[in-house]
Amino acid sequence: MKTKIGIMGGTFDPIHLGHLILAEETRVYFNLDKVVFIPSGRPPHKNWDDITEPYDRYEMTLLATNDNPYFFVSAMEIERAGLTYTVDTIKRLKKENEDAEYYFITGADSLVDIYKWKSHDELLKLCKFVTAKRIGIPNNELENLIDKINKEHRDTAYLLTIPYIDISSTEIRDRVKSGKSIKYYVPKEVERYIKKKKLYIE
Ligand code: ATP
Ligand code: MG
């Protein structure tokens, strides 16, 4: 049987329960052998100045995933200088493990941009896409998109039914900045790290 590997890409600034629940639910549903979290280097679509040091985001991702034996963290994108695109990451992973089947895990807000991603057609041939609903993306828009992808690339896009988790990294950064508690929004090790390194205060 083919090894099945989930890939959870993100800025993870910081990683939160939304990411972790989505990854774990995908792992269980698709019976994945592992899920690799890949914190982004310089994300093409985000303003680099506003993003926390890659090292801190990587460290928090490690802390958050440490207690799950199926979760791994890769520094491959943060070690690469310049822009990083999902298609290049997946191609590199495929080269390392040609027989594995890859499942790229995203929230609906990421998937709706798929046709703007670099080499999306090639990417959709290289891996499956698992997505979860997210606030701001109407269900019918998401379902139509998944149908469209599957018409072009059979059995490629899946909608995962998981509890709706209305948490974002943006909200967590805002909460820290305004002195609100982030307890239970992030694993306690991540909460501690944010406090220790005084992240998101400025
Ligand atoms: P930001 O607010 O900074 O954009 P974020 O919470 O969206 O942060 P990202 O690191 O941008 O987190 O997201 C990585 C991936 O996880 C994306 O595919 C995103 O859609 C997904 N994701 C993040 N939070 C959730 C959530 N609460 N439910 C479902 N998917 C999520
Ligand atoms: Mg986001």
Side-chain angles (χ1 to χ4, degrees), residues 6-30 35-54 56-65 71 73-75 77-78 83-87 89-90 102-118 120 123-124 127-139 141-143 145-146 149 157-178 180 182 184-187 190-191 194 199-200:
I7 301 295
M8 183 82 203
T11 320
F12 303 130
D13 191 14
I15 189 165
H16 54 68
L17 292 199
H19 300 127
L20 294 164
I21 291 170
L22 174 56
E24 177 68 0
E25 293 272 359
T26 305
R27 178 189 79 74
V28 172
Y29 187 83
F30 290 97
V35 176
V36 184
F37 288 70
I38 310 184
S40 59
R42 181 183 181 159
H45 59 288
K46 288 192 180 178
N47 185 350
W48 186 231
D49 293 341
D50 297 341
I51 296 172
T52 306
E53 283 294 316
D56 285 323
R57 294 185 288 108
Y58 174 75
E59 198 60 27
M60 290 189 281
T61 309
L62 274 181
L63 290 169
T65 54
F71 285 1
V73 185
S74 164
E77 286 198 4
I78 64 174
L83 300 177
T84 45
Y85 294 99
T86 302
V87 68
T89 298
I90 299 286
Y102 287 93
Y103 291 69
F104 194 78
I105 307 167
T106 69
D109 61 309
S110 303
L111 192 73
V112 292
D113 286 334
I114 185 82
Y115 290 105
K116 293 184 200 147
W117 292 17
K118 183 188 164 197
H120 48 81
L123 178 61
L124 288 165
C127 61
K128 296 182 185 297
F129 272 75
V130 182
T131 197
K133 290 176 183 177
R134 226 181 158 194
I135 201 150
I137 310 297
N139 289 348
E141 187 186 330
L142 184 60
E143 280 154 18
L145 174 63
I146 288 175
I149 294 172
Y158 299 89
L159 179 61
L160 193 72
T161 308
I162 62 169
Y164 197 67
I165 308 143
D166 185 11
I167 300 180
S168 70
S169 301
T170 303
E171 188 193 352
I172 292 168
R173 293 193 300 273
D174 288 346
R175 291 181 71 95
V176 173
K177 208 170 166 183
S178 57
K180 288 185 187 150
I182 56 165
Y184 312 123
Y185 283 66
V186 297
V190 173
E191 188 192 356
I194 291 170
L199 302 181
Y200 313 125

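Both ligands and their constituent atoms are indexed starting at 1 by order of listing.
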Peer 1: Return yes if some donor-acceptor pair links the side-chain N/O of Ser169 with the main-chain N/O of Pro14 below 3.5 Å, else return no.
Peer 2: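 Yes: the side chain of Ser169 pairs with the backbone of Pro14.
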Peer 1: In terms of relative ring orientation, are Phe37 and Phe12 parallel, tilted or perpendicular, with 30° and 60° separating the classes?
Peer 2: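 Phe37 and Phe12: tilted rings.
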Peer 1: Heavy-atom contact under 4.0 Å between Gly9 and ligand 1?
Peer 2: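 Under 4.0 Å: yes for Gly9.
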Peer 1: Can the ring centroids of His120 and Tyr115 be said to lie less than 6.0 angstrom from one another?
Peer 2: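 Ring centres of Tyr115 and His120 closer than 6.0 Å.
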Peer 1: Give a yes or no on whether the ring-centroid distance for Tyr158 and Phe30 is below 6.0 angstrom.
Peer 2: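 Judged by ring-centre distance (under 6.0 Å), Tyr158 and Phe30 do meet the cut-off.
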Peer 1: Indicate yes or no: does an N/O atom of Phe12 lie under 3.5 Å from an N/O atom of ligand 1?
Peer 2: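 Yes; at least one N/O pair falls below 3.5 Å.
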Peer 1: Would the distance check show the side chain of Thr131 and the main-chain N or O of Thr106 forming a donor-acceptor pair, the cut-off being under 3.5 Å?
Peer 2: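 It does hold such a pair.
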Peer 1: Less than 3.5 Å between some nitrogen or oxygen of Ser169 and one of ligand 1, yes or no?
Peer 2: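 For ligand 1, there is an N or O atom that lies under 3.5 Å from one belonging to Ser169.
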Peer 1: Any N or O of Thr106 that comes nearer than 3.5 Å to an N or O of ligand 1?
Peer 2: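 Among all N and O atoms of Thr106, none is under 3.5 Å from an N or O of ligand 1.
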Peer 1: Between ligand 1 and Asp13, can you find any atom pair, the residue atom being a heavy atom, that is separated by under 4.0 Å?
Peer 2: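 Contact absent.
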Peer 1: For Asp13 and Thr52, indicate whether the former's side chain and the latter's backbone hold a donor-acceptor pair under 3.5 Å.
Peer 2: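 Yes; at least one donor-acceptor contact below 3.5 Å.
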Peer 1: Testing Ile172, Ile135, Val186, Ile21 for side-chain contact (heavy atoms from CB on, under 4.5 Å) with Ile167, which one passes?
Peer 2: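 Only one option passes, and that is Ile172.
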Peer 1: Within the 4.0 Å heavy-atom shell around Ser110, which atoms of ligand 1 are there?
Peer 2: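 Taking each heavy atom of Ser110 in turn, ligand 1 has 17 (C), 18 (O), 19 (C), 20 (O) under 4.0 Å.
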Peer 1: Can you list the atoms of ligand 1 that are under 4.0 Å from a heavy atom of Gly18?
Peer 2: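 By the 4.0 Å cutoff, the relevant atoms are 27 (N).
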Peer 1: Sub-3.5 Å donor-acceptor pair from the side chain of Tyr184 to the main-chain atoms of Leu17, do we have one?
Peer 2: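 Answer holds: no.
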Peer 1: In ligand 1, which numbered atoms sit nearer than 4.0 Å to a non-hydrogen atom of Asp109?
Peer 2: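 In order of number, 19 (C), 20 (O).
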Peer 1: So, regarding Gly10 and ligand 1 (criterion: nitrogen or oxygen to nitrogen or oxygen, under 3.5 Å), is there a contact or not?
Peer 2: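 Such a contact does not occur with ligand 1.
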Peer 1: With respect to Met8, determine whether any N or O atom, backbone or side chain, lies less than 3.5 Å from an N or O atom of ligand 1.
Peer 2: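 Between Met8 and ligand 1 (N or O atoms, distance only) the closest approach is not under 3.5 Å.
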Peer 1: Do any nitrogen or oxygen atoms of Ile165 lie less than 3.5 angstrom from nitrogen or oxygen atoms of ligand 1?
Peer 2: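 Yes - when backbone and side-chain N and O of Ile165 are compared with those of ligand 1, one distance drops under 3.5 Å.
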Peer 1: State whether the side chain of Arg134 and the backbone N or O of Ser110 hold a donor-acceptor pair below 3.5 Å, judged by distance alone.
Peer 2: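 Here the side-chain-to-backbone pair does not exist.
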Peer 1: Just distances here: any N/O of Arg173 and N/O of ligand 1 closer than 3.5 Å?
Peer 2: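 Between Arg173 and ligand 1, an N or O pair is found under 3.5 Å apart.
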Peer 1: Between Ala23 and Phe71, which heavy-atom pair has the shortest distance, and what is it?
Peer 2: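 The pair with the smallest heavy-atom distance is CB-CZ, 3.7 Å.
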Peer 1: Can you name the atoms of ligand 1, numbered from 1 with element, that are less than 4.0 Å from a heavy atom of Leu22?
Peer 2: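 So the atoms of ligand 1 that pass are 30 (N).
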Peer 1: With atoms numbered from 1 as shown, which atoms in ligand 1 lie under 4.0 angstrom from a non-hydrogen atom of Thr170?
Peer 2: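 Going through ligand 1 atom by atom, the ones under 4.0 Å from Thr170 are 1 (P), 2 (O), 3 (O).
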Peer 1: Look only at interatomic distance and state if Lys133 has a nitrogen or oxygen under 3.5 Å from any nitrogen or oxygen of ligand 1.
Peer 2: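 So ligand 1 has no N or O lying under 3.5 Å from an N or O of Lys133.
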